[in-house]
Protein chains: 2
Amino acid sequence: MIGGMTSPLRTPVPDAGDDRAQTWTIREIADEFGVTHRTIRHYEDLGLITPERRGTVRVYHRRDRTRLNLILRGKRLGFPLEEIRTIVDLYDAPLGKASQLEYVLGQIDERRADLEQRRADIDAAITELGRFEDRCRDELRGLRAR
Amino acid sequence: MIGGMTSPLRTPVPDAGDDRAQTWTIREIADEFGVTHRTIRHYEDLGLITPERRGTVRVYHRRDRTRLNLILRGKRLGFPLEEIRTIVDLYDAPLGKASQLEYVLGQIDERRADLEQRRADIDAAITELGRFEDRCRDELRGLRAR
DNA sequence: ATCATGCTTTACGTTTACGTCAACGTCAAG
DNA sequence: CTTGACGTTGACGTAAACGTAAAGCATGAT
């Protein structure tokens, strides 16, 4: 089960006063998202997340959690991590100049096309399952009618 | 491009008269489905398809093509091959006894639940993309307004 | 002071899904 | 009968996505 426990870092950050600047350790993040710390670090190796370093230790912010959510959903959808990186990078690209915006909009269209293809596959699979289920139920009724 | 060329085997099968009993070679199947013969053989190693053997040579029937379609769609959806096997096996299970039918119906429900979870993920991703696109377009208009 | 915990890096192991030879069989054509 | 064009079986290679020790700091607790 994935809860929403908020476990404050023992170093409440000097720049405090803002309690929304909450941070988490790698273990807390891993537990909460139901993955191992090794997985988290693997994503970092691939540049999917870039937690702050306080000395040698990793400190995770809200931003990292947002990215992790995107990553895990991408995984559930079967995207390879490299492709997932292009997606999460997309979401926090600079967007400064018009050319960059045009590029991002193009990427968005590509992504959407991909996702809609997948949805079509899923819908096909579901209706097929439905037909198969009907056949099975018919068969079952036939057996019980005797 | 994946066409539908029908290339008859040079041995038109003694049990002929029925032209629907068409067969294909591994190369034809591979080309038509856009995969390599190695991939086809890999699926056979895992028990996903079981082509007829005429001597030492593999002979593919319509049934194998049906399975291959299921397999490739499963792959597009990101299912691992082992899981895909349980799915294709499901579709041509015996269905003889009621107990077997009950089991299959249960499996169908599981599959459907999985697929619907995926569809939910996809829908979420698509609407998120939509919101992001709107923000980008706003930004773009802002730049051009100057 | 030291001891246990938790975090870190380094590095090799594993599973999945094929790719890539190598070496051989076979069958029709020249 | 030899030459290709396919087909077949190993067997090893590889890329992705982590798992699994091994061994070193850092820090709070005893």
Side-chain angles (χ1 to χ4, degrees), chain A residues 5 7-13 23-61 64 67-68 70-89, chain B residues 5 7-13 23-61 64 67-88:
Chain A
M5 22 182 49
S7 151
L9 203 71
R10 28 262 188 259
T11 326
V13 194
T23 60
W24 293 265
T25 75
I26 193 171
R27 184 67 51 154
E28 290 165 346
I29 291 286
D31 288 352
E32 187 174 339
F33 283 85
V35 298
T36 70
H37 68 295
R38 183 63 184 82
T39 299
I40 307 274
R41 284 194 36 240
H42 184 56
Y43 295 163
E44 184 179 343
D45 287 346
L46 298 184
L48 291 173
I49 41 184
T50 51
E52 184 200 345
R53 290 296 183 118
R54 209 160 285 172
T56 172
V57 95
R58 292 169 174 83
V59 175
Y60 295 85
H61 295 256
D64 301 306
R67 290 196 141 224
L68 203 43
L70 277 174
I71 295 166
L72 294 181
R73 193 175 63 198
K75 283 216 62 191
R76 285 198 301 274
L77 295 178
F79 287 103
L81 290 179
E82 273 304 320
E83 205 168 338
I84 291 176
R85 179 168 57 173
T86 73
I87 302 175
V88 295
D89 282 352
Chain B
M5 22 183 47
S7 155
L9 203 71
R10 29 258 188 259
T11 326
V13 195
T23 60
W24 292 265
T25 75
I26 193 171
R27 185 67 51 155
E28 291 165 346
I29 291 286
D31 288 352
E32 186 175 339
F33 284 84
V35 297
T36 70
H37 68 296
R38 183 62 184 82
T39 299
I40 306 275
R41 282 194 36 236
H42 183 55
Y43 294 162
E44 185 179 344
D45 286 346
L46 297 185
L48 292 173
I49 41 184
T50 51
E52 183 200 346
R53 290 297 184 117
R54 210 160 283 173
T56 171
V57 95
R58 292 169 174 83
V59 175
Y60 295 85
H61 294 255
D64 300 306
R67 291 195 141 224
L68 204 43
N69 267 316
L70 277 175
I71 295 167
L72 294 180
R73 193 175 63 195
K75 283 216 61 191
R76 285 197 301 273
L77 294 178
F79 287 103
L81 291 179
E82 273 303 322
E83 206 168 336
I84 291 177
R85 179 168 56 172
T86 73
I87 301 175
V88 295

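Below, read A as the first sequence line, B as the second, and so on, with proteins coming before strands; counting in each chain starts at 1. Any value given below was found using the heavy atoms of this structure, including those in side chains, with hydrogens, waters and symmetry copies removed.
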**OP:** Tell me which nucleotide among D/dA17, C/dG19, C/dT8 gets nearest to the side chain of A/L46.
**Re:** D/dA17
**OP:** Side-chain contact test, heavy atoms from C-beta onward, threshold under 4.5 Å: evaluate it for B/F33 versus B/I40 and give yes or no.
**Re:** no
Original post:
Roughly how many Å is it from CD1 in A/I71 to P in D/dA16, rounded to a whole number?
Top reply: 17 Å
Subject >> Any B/T39 side-chain nitrogen or oxygen under 4.0 Å from OP1 or OP2 of C/dG19 >> reply: yes
Subject >> Nearest-neighbour nucleotide for the A/I26 side chain, D/dT8, C/dG19, C/dC7 considered >> reply: C/dC7
Original post:
Taking NE2 from B/H37 and P from C/dT20, how many angstroms apart are they, rounded to a whole number?
Top reply: 11 Å
**OP:** Give a yes/no on whether any side-chain N or O of A/Y43 is located under 4.0 angstrom from OP1 or OP2 of D/dC18.
**Re:** yes
Original post:
Are any non-hydrogen side-chain atoms of A/I29 and A/R58 less than 4.5 angstrom apart?
Top reply: no
Original post:
Nearest to the side chain of A/R58, which nucleotide is it out of C/dT9, D/dC18, D/dT9?
Top reply: C/dT9
Subject >> Minimum side-chain heavy-atom gap B/L81-B/K75 below 4.5 Å >> reply: yes
**OP:** Could you please name the option among D/dG7, D/dG10, D/dC18 that lies closest to any side-chain atom of A/H42?
**Re:** D/dC18
**OP:** Grab the CZ-C1' distance between B/R85 and C/dA17 for me, whole Å please.
**Re:** 14 Å
Original post:
Taking the side chain of A/K75 as its heavy atoms from C-beta onward, which of D/dA17, C/dC7, D/dG19 lies nearest to it?
Top reply: D/dA17
Original post:
Under a 4.5 Å cut-off applied to non-hydrogen side-chain atoms, are B/L46 and B/I84 in contact?
Top reply: no
Subject >> Distance, rounded to the nearest Å, where B/R27 contributes CZ and D/dT8 contributes C1' >> reply: 12 Å
**OP:** Name the closest nucleotide to the B/R41 side chain, picking from C/dT8, D/dG7, D/dG10.
**Re:** D/dG10
Subject >> Length of the CD1-C1' vector between B/I40 and C/dG19, whole Å >> reply: 15 Å
Original post:
Start at the 5' end of DNA chain C and walk down; is the nucleotide closest to B/F79 or to B/T56 reached first?
Top reply: B/F79
**OP:** Test for a donor-acceptor pair under 3.5 Å between the base of C/dT20 and the side chain of B/R38, counting only N and O atoms.
**Re:** yes
Subject >> Distance, rounded to the nearest Å, where B/R53 contributes CZ and C/dG25 contributes C1' >> reply: 13 Å
Original post:
Which one, D/dC18, D/dG7, C/dA17, comes nearest to the side chain of A/L81?
Top reply: D/dC18
Original post:
Quick one: B/R54 CZ to C/dC27 C1', roughly how many Å, whole number?
Top reply: 16 Å
**OP:** Taking only the side-chain heavy atoms of A/T25 (C-beta and beyond), determine which of D/dA17, D/dG7, C/dC7 contains the nearest atom.
**Re:** C/dC7
**OP:** Please tell me if the side chains of B/R41 and B/I26 come closer than 4.5 Å, counting only heavy atoms from C-beta onward.
**Re:** yes
Original post:
Taking atom P of C/dT16 as reference, at what distance in whole Å does atom CD of B/E83 sit?
Top reply: 12 Å
